[in-house]
Number of protein chains: 4
Amino acid sequence: MRTKNKHTKEKIIENALRIFAQEGFFKTTVDDIAQAAGIAKGTLYLYFKDKASLYVSVIEEHFKVGIKYLNEVQKEKMTNTAKLQKIADNWIDYMIRLKSSFFMFSMENVNLSSKIMKAVKPIMNVYLKKMIDIIARIIGQGIKTREFRKIEPRIAAVHFLNTIRTGFFVTFITPERFVDKKILLDLFFKGLKQRR
Amino acid sequence: MRTKNKHTKEKIIENALRIFAQEGFFKTTVDDIAQAAGIAKGTLYLYFKDKASLYVSVIEEHFKVGIKYLNEVQKEKMTNTAKLQKIADNWIDYMIRLKSSFFMFSMENVNLSSKIMKAVKPIMNVYLKKMIDIIARIIGQGIKTREFRKIEPRIAAVHFLNTIRTGFFVTFITPERFVDKKILLDLFFKGLKQRR
Amino acid sequence: MRTKNKHTKEKIIENALRIFAQEGFFKTTVDDIAQAAGIAKGTLYLYFKDKASLYVSVIEEHFKVGIKYLNEVQKEKMTNTAKLQKIADNWIDYMIRLKSSFFMFSMENVNLSSKIMKAVKPIMNVYLKKMIDIIARIIGQGIKTREFRKIEPRIAAVHFLNTIRTGFFVTFITPERFVDKKILLDLFFKGLKQRR
Amino acid sequence: MRTKNKHTKEKIIENALRIFAQEGFFKTTVDDIAQAAGIAKGTLYLYFKDKASLYVSVIEEHFKVGIKYLNEVQKEKMTNTAKLQKIADNWIDYMIRLKSSFFMFSMENVNLSSKIMKAVKPIMNVYLKKMIDIIARIIGQGIKTREFRKIEPRIAAVHFLNTIRTGFFVTFITPERFVDKKILLDLFFKGLKQRR
DNA sequence: GATGAATGAGGGTTCATTCAT
DNA sequence: AATGAATGAACCCTCATTCAT
């Protein structure tokens with residue numbers, strides 16, 4: 001198959017996402033990705049300058065998909081509470097399928113070589129902020145409709161993302177246990193305190 | 001130099017914690033740690049079988065300190081709300097000092113070679129559960145005293161840890177911004193929802 | 001684009017000469033040459049078996065041009081001294097334009113893989129000897145006309161080529177300095193010794 | 001032999017000189033050098049930052065030895081003519097032994113990656129100028145003693161180096177022929193022209 | 001003839017681990 | 001107990017060469 005396969009780049013990103021997510025940046029070898037994508041090692045370098053660039057591309061791709069999804073949900077006709085519930089549900093399921101809370105909720109993955117760090121951090125920040133913005137907008141709407149109480153929406157948004165992550169996290173470390181996503185969301189929405 | 005080498009092991013763990021936390025498992029070299037600890041590379045292997053063992057030891061040590069701290073707070077004379085506030089405050093500050101939410105809140109770091117993964121995961125789980133237990137006990141007490149509403153204490157405990165992580169996370173991605181820990185704790189305690 | 005592809009081979013050699021001369025055999029990539037020649041990489045292999053063959057072809061072409069030039073000068077009507085002066089002048093200028101004393105004066109470039117070495121050395125030797133012969137003939141003529149003293153003409157010819165090279169060399173390593181070609185030629189012609 | 005062998009660095013440089021000289025920078029692999037030096041590939045990197053640094057070190061070492069030799073000859077009690085003769089004799093023999101006119105007389109070797117070029121060129125220039133200075137001093141002395149005619153000594157020095165190179169060059173391209181060094185030096189001293 | 005995507009062997013470099021001192 | 005020079009497997013990346021279109 002010597003003709004430029006239009007899907008080669010997609011195939012690489014697809015497989016790279018999965019492997020990076022499960023193995024991390026360093027444990028993943030370029031060979032691993034190439035083999036998974038069914039191409040030769042050198043071919044990968046026709047599409048990406050180096051391993052770090054591929055990593056950045058994977059992150060970008062991943063974030064774009066996430067943001068697109070968030071935007072779609074945001075536009076739907078439902079209460080803002082329902083929107084957050086839907087997002088949390090789908091996302092936790094997605095992460096469980098991927099076997100990783102890769103990216104979105106883990107800056108730790110970026111505890112990489114400073115070389116990569118420098119490339120990845122600003123990109124991640126931009127996308128992260130976009131995601132937080134969309135969620136903050138949903139929360140802002142909810143404040144207007146009196147679904148939610150008055151609170152800084154961006155902080156609440158970050159807290160929401162972390163709550164989602166927790167949902168995955170609990171499942172991941174204790175696979176035997178069924179994560180009651182509802183209880184977590186309930187906590188997020190109602191808080192721990194006794195109502196007086 | 002030969003006098004108090006009984007502390008060699010501690011020196012290694014201390015420095016390894018800092019470096020692993022900031023650089024991650026792979027980026028950290030055995031050389032880095034040995035140099036930081038002021039010993040020769042070979043010496044490190046007198047105390048630890050290999051790099052992975054050191055990593056595991058560091059995690060164990062780290063968790064032990066954390067658990068000891070939690071136990072101390074738990075015994076103090078104050079409301080359970082105050083206890084959680086104190087824990088969150090100190091922990092967020094600690095993570096900011098360490099420049100990492102390493103370990104406790106990031107299984108992602110363990111997205112490492114499966115070799116390490118296999119060694120670390122069960123150990124982490126044991127300690128994590130201990131930590132969750134202590135916090136769950138505080139929350140359980142709070143439920144008895146009617147500070148908190150009736151909710152599965154262990155889930156609430158996980159959510160609490162996650163809230164702490166959020167505090168660090170916000171600082172980390174937006175270093176310019178002062179993290180208002182009060183708002184976060186407020187969210188944790190009261191939830192997002194409007195009280196009716 | 002399809003019209004005058006009869007010149008493709010020439011275009012390749014032309015550009016290869018320039019790039020090989022400035023970058024050397026290894027630093028030059030087949031891609032560099034193909035791009036400079038405005039053709040696809042694969043096309044190059046329609047005209048040359050491999051990179052080494054191209055290199056050999058370039059050398060041959062280069063030598064042929066040089067020998068043709070020498071032959072022309074040799075036939076001109078002027079003193080043999082003037083002929084050598086003209087050759088030296090033009091050659092140094094040519095090398096400065098090419099930014100390289102490539103080939104002619106540098107067997108070192110041929111300190112390459114033995115694979116290439118084996119192919120290039122005999123070819124170079126043949127051409128080198130032809131060049132030396134022509135110059136030796138000029139010198140021989142000069143001996144007959146008593147312009148030059150009796151000396152083995154071929155050794156003098158090699159010395160002449162190296163003198164030319166020195167002219168370029170000095171310019172190349174000390175670009176700030178104007179090379180006084182006359183002084184060098186004067187040294188070549190009259191020697192260092194005091195005349196008694 | 002795990003103890004730091006004081007001679008390891010010397011062994012590396014020694015072998016690297018020989019191989020670089022015969023094969024050139026690119027054809028020479030780090031493995032080649034390591035094997036020739038009887039060490040592991042990684043060991044080489046304990047002593048040199050990278051291949052380019054090793055190359056630079058080899059050049060420096062080589063030049064230092066050459067300059068030391070020149071200084072010794074310069075101090076000897078003999079005519080300046082004899083000094084130049086001695087230098088030329090020994091040098092040509094040395095190059096023939098090394099099978100290369102590497103370095104001293106070949107900037108071409110530096111037609112390398114610009115990365116190396118940038119590192120090597122200024123270093124070479126410094127040493128080259130030192131060598132030229134020493135020879136120019138000998139020639140300057142010779143002018144004072146009326147051995148040599150009045151001529152810019154530095155230009156004459158460059159021409160002298162070039163003459164030496166010619167000596168090697170002739171041997172290299174026509175191995176069958178015994179290089180008559182006397183004829184070459186005679187050309188250098190007396191020039192090509194007929195004395196009138 | 002021409003193309004350029006794909007290949008994969010080969011080389012530079014890193015670094016966990018060993019072991020003679 | 002401590003050292004640190006030496007090792008070599010492993011990994012990233014390059015680039016000459018091929019071949020389906």
Side-chain angles (χ1 to χ4, degrees), chain A residues 1-6 8-9 26-34 37-54 113, chain B residues 1-2 5-6 8-9 25-35 38-54 113, chain C residues 1-2 5-6 8-9 26-35 38-54, chain D residues 1-6 8-9 26-34 37-54 113:
Chain A
M1 193 172 311
R2 295 293 171 131
T3 310
K4 176 141 187 172
N5 187 334
K6 272 175 280 189
T8 301
K9 194 170 184 174
F26 287 107
K27 176 77 191 325
T28 301
T29 68
V30 172
D31 242 350
D32 290 342
I33 295 171
I39 57 166
K41 205 170 17 167
T43 307
L44 196 147
Y45 287 88
L46 296 177
Y47 295 93
F48 302 94
K49 194 180 130 292
D50 52 21
K51 193 185 173 187
S53 300
L54 171 57
S113 84
Chain B
M1 193 69 76
R2 299 271 167 149
N5 44 24
K6 12 181 174 174
T8 301
K9 194 167 185 175
F25 181 78
F26 287 105
K27 177 81 191 322
T28 300
T29 67
V30 173
D31 241 350
D32 290 342
I33 295 170
Q35 271 181 40
I39 57 163
K41 211 173 4 172
T43 307
L44 197 148
Y45 283 85
L46 297 176
Y47 294 93
F48 302 94
K49 192 179 132 290
D50 52 23
K51 193 184 173 187
S53 302
L54 171 56
S113 82
Chain C
M1 193 71 74
R2 299 273 168 148
N5 45 23
K6 12 180 174 175
T8 300
K9 194 167 184 174
F26 287 106
K27 176 84 190 318
T28 300
T29 67
V30 173
D31 241 350
D32 290 342
I33 295 170
Q35 272 181 38
I39 58 162
K41 209 172 10 171
T43 308
L44 196 147
Y45 283 86
L46 299 174
Y47 295 94
F48 301 94
K49 191 180 133 290
D50 53 21
K51 193 184 174 188
S53 302
L54 171 56
Chain D
M1 194 173 313
R2 294 291 170 132
T3 309
K4 176 140 190 176
N5 186 333
K6 273 174 277 188
T8 301
K9 194 169 184 175
F26 287 107
K27 176 74 193 326
T28 300
T29 69
V30 172
D31 243 350
D32 290 342
I33 295 171
I39 57 166
K41 202 163 31 158
T43 306
L44 196 148
Y45 286 88
L46 297 177
Y47 296 92
F48 302 94
K49 193 181 132 291
D50 53 22
K51 193 185 174 188
S53 300
L54 171 57
S113 82

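Chain naming here is simple, since letters A, B, ... match the order of the sequence lines and numbering starts at 1 in each.
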- Task: First locate atom NZ of B:K9, then atom CG of B:L54, and finally report the distance between them rounded to the nearest 0.5 Å.
- Result: 10.0 Å
- Heavy-atom closest pair (A:L44 atom, A:I39 atom, distance to 0.1 Å) is N-CD1, 3.9 Å
- Using only heavy-atom distances, decide whether a donor-acceptor pair under 3.5 angstrom links the side-chain of D:K41 to the base of F:dT7. no
- Between B:Y45 and A:G38, name the one whose nearest nucleotide on DNA chain E is closer to the 5' end. A:G38
- Item | Any D:T8 side-chain nitrogen or oxygen under 4.0 Å from OP1 or OP2 of F:dA6 | yes
- Mind calculating the distance between CZ (B:F26) and P (E:dT13) to the nearest angstrom? 23 Å
- Figure out the OH/C1' separation between B:Y47 and F:dA1, and round it to whole Å. 7 Å
- Which value, rounded to the nearest 0.5 Å, describes the distance between C:T43 atom OG1 and C:L46 atom CG? 5.5 Å
- Note on the structure: Rounded to whole Å, the CG-P distance (C:L54 to F:dT17) equals 10 Å
- Item | Integer-rounded Å distance: E:dA2 P and C:Q35 CD | 18 Å
- Item | d(CG, B:D50; C1', E:dT18) in whole Å | 13 Å
- Atom CG of C:D31 and atom P of F:dT18 are separated, to the nearest Å, by 15 Å
- Item | Base paired to E:dA6 (Watson-Crick or G-U; both N/O distances under 3.5 angstrom) | F:dT17
- Query: Taking only N and O in the side chain of A:T43, is any of them less than 4.0 Å away from OP1 or OP2 of E:dA5?
  - Reply: no
- With DNA chain F as reference, determine whether A:T28 or B:I39 sits nearer its 5' end, using the nearest nucleotide of each. B:I39
- For F:dA1, what is the paired nucleotide under Watson-Crick or G-U wobble rules, both distances under 3.5 Å? none
- Assign C:T29 to base, sugar-phosphate, or nothing according to its heavy-atom contacts below 4.0 angstrom with the strands shown. sugar-phosphate
- Message: Check this one for me: any side-chain N or O of A:K51 less than 4.0 Å away from OP1 or OP2 of F:dC12?
- Response: yes
- Tell me which nucleotide among E:dA6, F:dG8, E:dG1 gets nearest to the side chain of A:L46. E:dA6
- Nearest heavy-atom neighbours spanning C:Y45 and C:D50: CE2-CA, 4.0 Å
- d(CG, B:L44; P, E:dT17) in whole Å: 10 Å
- Query: Under the 3.5 angstrom rule, does the side chain of C:K51 hit a backbone N or O of C:T28 as a donor-acceptor pair?
  - Reply: yes
- Figure out the CZ/P separation between B:F48 and E:dA16, and round it to whole Å. 15 Å
